[in-house]
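Inspection log for the structure reproduced underneath, given as structure tokens.
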There are 2 protein chains.
Amino acid sequence: MPTSTVENYLKAILVRSADAGAVVSTGSIAEALGVTPGTITTMVKSLAAQGLVEHQPREGVRLTPAGRAHALGVLRKHRLIETFLVQVLKMDWKEVHEEAEALEHAISDRVLLRIDAILGHPVSDPHGDPIPSPKRPLFDRGKGVTLATCEPQRPFRVQRILDQSGPFLEFIQRTGLKPGARVRVRERDRASGVVRCELGDAEAALGLPEAAKIEVGAA
Amino acid sequence: MPTSTVENYLKAILVRSADAGAVVSTGSIAEALGVTPGTITTMVKSLAAQGLVEHQPREGVRLTPAGRAHALGVLRKHRLIETFLVQVLKMDWKEVHEEAEALEHAISDRVLLRIDAILGHPVSDPHGDPIPSPKRPLFDRGKGVTLATCEPQRPFRVQRILDQSGPFLEFIQRTGLKPGARVRVRERDRASGVVRCELGDAEAALGLPEAAKIEVGAA
DNA sequence: ATTTTGTCTTTGACGAGTCAAAGACGGTAT
DNA sequence: ATACCGTCTTTGACTCGTCAAAGACAAAAT
Ligand SMILES: [Mn+2]
Ligand SMILES: [Mn+2]
Ligand SMILES: [Mn+2]
Ligand SMILES: [Mn+2]
């Protein structure tokens, strides 16, 4: 019966530990949760006492298997909820993260099962982030091909939006560069730093750093 | 930004004040929320300081207009959520109250609007309880006709289940005496205290006190 | 008029979660 | 070797929601 605060901490640690067993700095958790560093230290000690993390003072934090399992459960809820809000409730693409941030702590496993079934057991959320499950324990870490690095002229499919800030999602929505969209890089001009690409019959231009925020895969 | 605790208090006071402006004893709130009397007194003082209730010490508590408005909003959320869980997620009829108790504090007004629209703006929840709205401010207080008092032989429609305890809802589900069901009292034997009624082609028997827990209306 | 009883309030304490400010640490620069 | 700096930890304090236990009150019983 972890509190919702504890769940948020665990999830923050999980998504920040690239690989299972990686160590995360308390500072980065503080920044992610918008809380002072001292608060993290205190909380981390409490999490360690509950067996959810290991803490090497002045070194970092690592999820225990129990902590990781719980964090994965929360992340799964979060992403299934986002998918549900978009697919079933037809909510706006860029609003759902905030909603899911609260709902992930309020929805029971029973409700989650129903949602998962209604959605047909999806494997990724509206942003293209993978939905972990007991049988699919995360980390299909794509090879990291993005609009900044993929082969020009060849058709790809948008897979995942790496920058999920409001303005960037606005842009994605406006241009239609959402996960699932077919896209082709027309021209990548290293001098001007502009990537020009084609979506169906439309065109979109974006800077190189921005192009690197859009992961693509085989069409 | 009332906390979810405050919302639960306001809702408890609302559903316990038969008429708008009625006074509720702190003791009954304590019992409803499963909390000690001292806690209520403390909390009520805080609610009063926030202008949500008026408190006559040793007399009772009354919602202010602001408190009532907020309580109505929470009650609306609760009942719309219950309806959604049954109608859209096909959840079990007797599980939804508990789920809604948590979700009512986590769902935003945006999500609520979508749910309301998808359900077609329902006016009552699965238990037959009215769903308040800005234009429909509660209190369609039925005339209180129940299976214990309605005219025998004449067909009625189940309107509302007054006892929402687990076992009673089990019974309702088993017999099909849910809101919306057509029902007819065949025989009401005051000596044995048994009410025998007919639902479609099936029959159901129940005691008089139990019959009084099932409100009915014109078929 | 007392005493009893039931209900309400007060008081002191606690856990959870947080912050501000002060302190400890360790790596980098001088 | 020493000083400096950025990061992490400690400490003391605060809010919110809660309880247990003791106290106040008023209505009912004697
Ligand atoms: Mn959250
Ligand atoms: Mn997402
Ligand atoms: Mn609730
Ligand atoms: Mn209900």
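We name chains A, B, ... by the order of the sequence lines, and we start the count at 1 in each one. Just so we're clear, the structure is a prediction, and the values are computed from it rather than from any experiment. Below, each value reflects all heavy atoms present in this structure, side chains not excepted, and no hydrogens, waters or symmetry copies.
The distance from atom CD1 of B:I40 to atom C1' of D:dT18 is 11 Å, rounded to the nearest whole Å. Put simply, CD on A:E59 is 10 Å from P on D:dC8, counting in whole angstrom units. Rounded to whole Å, atom P of C:dC19 lies 10 Å from atom CG of A:L33. In this structure, A:L47 atom CG and C:dG15 atom C1' are separated by 15 Å, rounded to whole Å. The interatomic distance linking A:E31 (CD) with D:dC8 (P) rounds to 11 Å, in whole Å. One atom, CD1 of B:I29, and another, P of C:dT7, lie 15 Å apart when rounded to the nearest Å.
Between A:R76 and A:D116, at least one side-chain N (NZ, or NE/NH1/NH2) sits under 4.0 Å from a carboxylate O, which counts as a salt bridge. Look at A:K77 and A:D109 and you find a salt bridge, because one of the NZ, NE, NH1 or NH2 atoms lies within 4.0 Å of a carboxylate O, short of that distance.
Here A:T41 does not reach the OP1 or OP2 of D:dT10: none of its side-chain N or O atoms lies under 4.0 Å away. For C:dT7, neither phosphate oxygen OP1 nor OP2 lies less than 4.0 angstrom from any side-chain nitrogen or oxygen of B:S25. Proximity of B:K45 to the phosphate of C:dT10: a side-chain N or O atom is located under 4.0 Å from OP1 or OP2. Residue A:H55 places none of its side-chain N or O atoms closer than 4.0 Å to OP1 or OP2 of D:dC8. Proximity of B:Y9 to the phosphate of D:dC16: no side-chain N or O atom is located under 4.0 Å from OP1 or OP2.
Using a 3.5 Å distance cut-off with no hydrogens or angles, the side chains of A:H78 and A:H97 do pair a donor with an acceptor. Side-chain atoms of B:E215 and B:T146 form no donor-acceptor pair, as typed in the model, at a separation below 3.5 Å.
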(request) Evaluate salt bridge (Lys or Arg N to Asp or Glu O under 4.0 Å) for B:K11 paired with B:E104, printing each intermediate quantity in order. (result) CA-CA 11 Å; B:K11 180 157 65 82; B:E104 65 191 355; 3.4 Å; yes

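B:T3 comes within contact range of the sugar-phosphate backbone alone, with a heavy-atom separation under 4.0 Å but no base atom that close.
Residues passing the salt bridge (charged side-chain N to carboxylate O under 4.0 Å, His left out) test with B:R62, sequence neighbours excluded: B:E54. By the salt bridge (charged side-chain N to carboxylate O under 4.0 Å, His left out) test, A:R114 pairs with no residue at all, sequence neighbours left out.
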(request) Encode nucleotides 19-29 of chain D as B, S and - characters from 5' to 3', where the letter depends on protein heavy atoms closer than 4.0 Å: B to the base, S only to sugar-phosphate, - to neither. (result) BS--BBS----

